[in-house]
Each structure stands twice: as C-alpha cells, then as structure tokens.
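Below: the structure, in structure tokens.
Both ligands and their constituent atoms are indexed starting at 1 by order of listing. In this text, all values refer to a predicted model and were calculated from it rather than measured experimentally.
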Amino acid sequence: MSTFQNIKGTFDILPDPYTDDGDTRVAASAEWRFVEATVREVLERHNFDEIRTPVLEPTELVARGVGEATDIVQKEMFAFERSGTQYVLRPEVTAPVMRSFLQHHLDQRGGVQKLYYVGPCFRAEQPQKGRYRQFHQFGVEVIGTDDARADAETIASMMAIYEALGIPETRLRLNTLGTPERREEYVAALRDYLQTYEDELSDTSRRRLERNPLRVLDTKLEHEQNILQGAPQLIDFVGDDSLAHYDRVKGLLADLGVDYEEDPFLVRGLDYYTETTFELESAALGAQSALAGGGRYDRLAEVLGSDAPVPAVGFAAGMERLFLVLDAAGTERPRVPRPDVFIAALGEAAERWVFRTTQALRDAGLHVAHDLKGRSLKAQMKEANRQAAPYTLIIGDNELEAEAATVKEMASGEQTEVPFADLVEHLTAQVDAEGAA
Ligand code: AMP
C-alpha cells in the first residue's frame with residue numbers, strides 16, 4: 001500500500017533542506033526560524049507589535065475585505081460551509097487585522113497602531129515555482145493615521161528586512177492611486193482608450209477590460225504594453241491633495257535613502273485602496289517577480305462596517321519568494337542546531353546512568369544527545385559524528401566504577417578525565433567558552 005503525500009501546492013518544512021517536485025529548494029526549519037527571527041527583530045526595532053489572527057475567518061470578511069472583483073475572491077478561496085457558517089482559510093492578512101482592530105477597539109490603546117504578523121495564507125492557485133496553495137506571509141499594518149510618514153516608514157521597514165538579510169538588487173516601484181472618486185474618472189478614460197484597441201487585445205485583457213479595466217495594466221504581453229504606452233495615466237487624474245501626499249512620501253523616502261522608481265501603471269483596482277501603492281520585485285525570481293507589495297487602504301475599515309473612516313497603510317511579503325532570492329544571493333544559512341554533547345553508553349547499567357545524566361545536563365541548560373535504540377558503540381559514535389556534537393563521552397562499566405568520564409573534544413581529539421560530580425560544571429564551562437569564542 002502506498003503512503004500519503006502532502007497536498008499539491010503545499011510543502012513540508014523538514015529539519016534538513018530538500019528539493020521538491022517543482023525543483024525548488026525547500027529551506028530547513030532552522031532556516032525558517034532564522035528568517036522569521038530576522039523579520040521580527042527588524043520590525044520590532046521599527047516599533048511594530050505582533051498580532052496573531054486565526055487562519056479561519058468568515059468568508060464574508062474576505063469577500064468584502066479583499067474585494068468581490070479580485071481573482072482571490074472569484075476563484076482562489078478555500079471556502080466551505082459547516083452548520084450554516086461560511087468559513088474561509090485566509091488568503092491574506094490585511095482584512096483579518098482590520099477586523100481585529102475594529103472588533104477589539106485597538107484604537108483605544110492610544111496613538112497609531114503599528115502591527116505586524118507572520119503566518120500561513122491559502123489560495124487555490126495553480127502551483128508553480130514561487131506560487132503555492134499554502135504559503136507564508138509577513139507584513140505590517142499601520143492603522144489610524146493618514147500621515148505620509150506612515151507610508152514612508154512602512155516602506156522603509158519592508159526594505160530594512162531585505163537589507164538585513166543581505167538581498168541585493170531589489171526594485172521598488174511606486175505610484176499613487178489618489179482617491180476612489182478620481183480613479184473612477186480614470187477608469188472611464190482608460191476603458192474608452194482601450195476599447196479603440198479591442199481587436200488587438202488578448203482574450204484575458206478583453207475580459208479584464210469588461211470587468212476591471214485597471215487589471216489590463218498588469219499585462220505581460222509586449223504588444224499590449226506597447227498599446228498601453230499611449231494610454232491615459234492615472235497620475236493625470238489624481239487630485240491636488242493626493243499629489244501633495246505623494247510628493248511628501250517621495251521626499252521622505254529620499255530622506256531615508258530608499259531608492260524607488262515611479263511606475264504610472266502600478267495600480268490596484270479595489271475601491272478601498274487609496275493614495276500610495278508600491279511593489280518590491282527581484283529579478284532573481286523570474287515569472288513570479290513580486291517579493292512584496294502594499295499601500296494605503298483608507299477606505300477598508302468602512303467597507304468592513306466601521307462608521308468612522310480609519311486611515312491605514314501596510315505591506316505584505318511572501319516568505320517562499322524571500323527564500324528563493326536568498327538562495328540566488330547565496331546568503332549564509334544557519335545550521336541545524338547541533339548538540340553540545342553526545343553521550344554514548346556501553347551496557348545496560350551505563351544506559352541507565354546516561355539516561356539520567358542526560359536529563360540532568362539538559363536541566364542545566366545543555367543540548368544533549370544520546371542513543372535511544374541500544375545500538376553498538378560504533379553506531380553510536382557514527383551518530384555523534386553525524387550530529388556534529390563538539391564533545392562526546394563514552395560511559396561503560398569502568399567509568400561507572402571510577403565515577404569519572406572521559407570528555408573528548410572532537411575537533412582537537414583532546415581528552416579530559418572529569419569526575420561525575422563535576423560533569424555539569426565542566427561541560428557547561430566548556431560550552432560557554434566555546435560559545436564566547
Ligand atoms: P498579495 O497579497 O497578492 O499582494 O501578495 C503579497 C506577497 O505574498 C506577494 O508579493 C508574494 O511574495 C506572496 N504571495 C502571494 N501569493 C502567493 C502564493 N500563491 N505563493 C507564494 N507566495 C505568494
């Protein structure tokens with residue numbers, strides 16, 4: 001009988017790295033911890049507090065919060081019903097964070113809420129390199145201010161993560177969406193323009209033209225990009241207040257030394273997206289080039305039922321794509337944590353002593369490995385090597401009788417006789433000294 005396989009578009013994170021069916025390297029769990037710790041460290045340094053929301057949310061929250069017209073809601077939700085309640089596995093975290101903000105009146109904590117998250121998201125997309133059905137996002141939401149500094153700080157925090165991880169040559173694209181009202185005027189103008197080229201558009205773009213013309217701007221087809229060269233640009237429709245906000249954001253980014261390129265065709269179609277929008281790309285990613293994206297969403301709270309407007313800005317980034325660029329950049333990886341000490345046992349009495357002593361050493365804070373299988377001494381020493389423990393002990397009847405063990409430092413081969421009574425102290429001192437070196 002064959003055993004089970006993980007669901008297509010998901011993957012296991014194992015103690016060691018491996019290559020999956022899609023020929024993609026899946027990083028080891030220690031690498032995930034390292035990258036997540038870096039994300040947390042950088043964001044906490046930027047004064048963000050962590051928020052954790054459920055993976056399950058009401059379907060209606062996502063339908064409204066992400067937008068009925070989006071691909072996500074139209075075809076990518078993992079949604080189901082149970083006893084009359086509609087559930088969805090969250091496809092993103094912005095709507096859930098805003099739900100939580102409104103539900104718990106987080107504004108009453110005072111000031112601006114700067115929140116970050118790290119966790120899994122789910123979209124029923126066609127799996128391919130850099131595109132999964134269960135993937136992981138980290139991101140921030142700055143809620144409760146329309147100050148341009150919040151936009152610039154959001155972008156700078158995002159850039160600081162990639163910088164901390166040593167990722168070179170990312171490309172930050174920036175645009176302003178203005179207000180939904182002005183954007184409507186633009187959409188009408190864009191539709192008029194594109195309709196004159198309708199015969200030359202692909203089926204996909206023709207469908208988009210009908211439902212959501214802004215999405216035609218995402219085309220990757222060269223002849224359509226050429227048509228777009230002459231299209232009206234959103235920036236020409238944006239109001240003076242929005243332009244002033246955009247100028248402030250650009251000025252602040254310049255103050256912080258953050259490089260960006262303005263891209264008049266970078267847009268998001270949803271009504272609650274407002275003002276600043278941005279996307280971070282890496283050439284190392286190929287087709288799925290987006291590392292992260294974000295912007296202002298000053299109208300989302302109202303879409304979710306808030307009586308008062310709640311201005312907010314944020315970014316969302318993909319972990320899997322971050323690993324792809326880390327691989328391309330050859331960034332140094334943390335190893336699987338190795339034990340400080342491996343203790344081999346020879347004989348039944350020794351096994352019992354080792355079992356007890358292992359626990360005592362662990363209680364003292366050491367990372368200790370031993371055999372749980374009753375293997376030969378040779379096999380145990382092989383295991384000690386595989387686990388790369390810097391110190392090993394071999395305990396047999398002689399050691400039990402002498403109440404002393406020989407501690408072998410594997411790198412130098414140096415051996416030290418240590419009375420059992422001094423073992424915890426001796427090993428702790430050795431490991432501390434090594435850690436300090
Ligand atoms: P989005 O919410 O679509 O703007 O996604 C934000 C980021 O999440 C993207 O820039 C990607 O890095 C990542 N991402 C989105 N969808 C997927 C997916 N299906 N698989 C892996 N990463 C994804």
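With hydrogens and angles left out, the side-chain atoms of Thr53 and Arg90 include a donor and acceptor closer than 3.5 Å. Residues Glu141 and Thr94 bring a donor and an acceptor atom of their side chains to less than 3.5 Å of each other. Using modelled atom types and a 3.5 Å distance limit, the side chains of Gln387 and Glu383 yield a donor-acceptor pair.
Here the shortest heavy-atom distance to atom 17 (C) of ligand 1, taken over Phe135, Phe138, Tyr132, belongs to Phe135. Closest heavy-atom approach to atom 21 (C) of ligand 1 among the candidates Ala124, Gly130, Gly295, Gly318: Gly130. If you check each of His136, Gln128, Glu125 against atom 19 (N) of ligand 1, the one with the closest non-hydrogen atom is Glu125. Selection from Glu76, Arg123, Glu92 by nearest heavy atom to atom 16 (N) of ligand 1 gives Arg123.
Residue-level proximity to ligand 1 for Gln137 is carried by the side chain, the only part with a heavy atom below 4.0 angstrom. Residue-level proximity to ligand 1 for Arg321 is carried by the side chain, the only part with a heavy atom below 4.0 angstrom. Residue contacts with ligand 1 for Ile72 are absent, since no atom lies close enough (heavy atoms, distance under 4.0 Å).
Taking every heavy atom of Ala290 and a limit of under 4.0 angstrom, the matching atoms of ligand 1 come to 10 (O), 11 (C), 12 (O). Of all atoms in ligand 1, numbered sequentially from 1 with element shown, those under 4.0 Å from a heavy atom of Ala292 are 10 (O).
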(message) Test salt bridge (charged side-chain N to carboxylate O under 4.0 Å, His left out) on Arg131 and Glu76; report intermediate values, then the result.
(response) CA-CA 12 Å; Arg131 187 178 290 284; Glu76 294 169 1; 5.6 Å; no

(request) Begin with the C-alpha distance, continue with both residues' side-chain angles, and end with the deciding distance and a verdict on ring-ring contact (aromatic ring centres under 6.0 Å, His included) for Phe278 and Tyr260. (result) CA-CA 9 Å; Phe278 55 88; Tyr260 59 85; over 10 Å; no

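Cation-pi contact between Lys114 and Tyr116: absent, since separation from the ring centre below 6.0 Å together with deviation from the ring axis within 45° is not met.
Here the closest non-hydrogen pair linking Ala28 and Ile13 is C-CG2, 4.0 Å.
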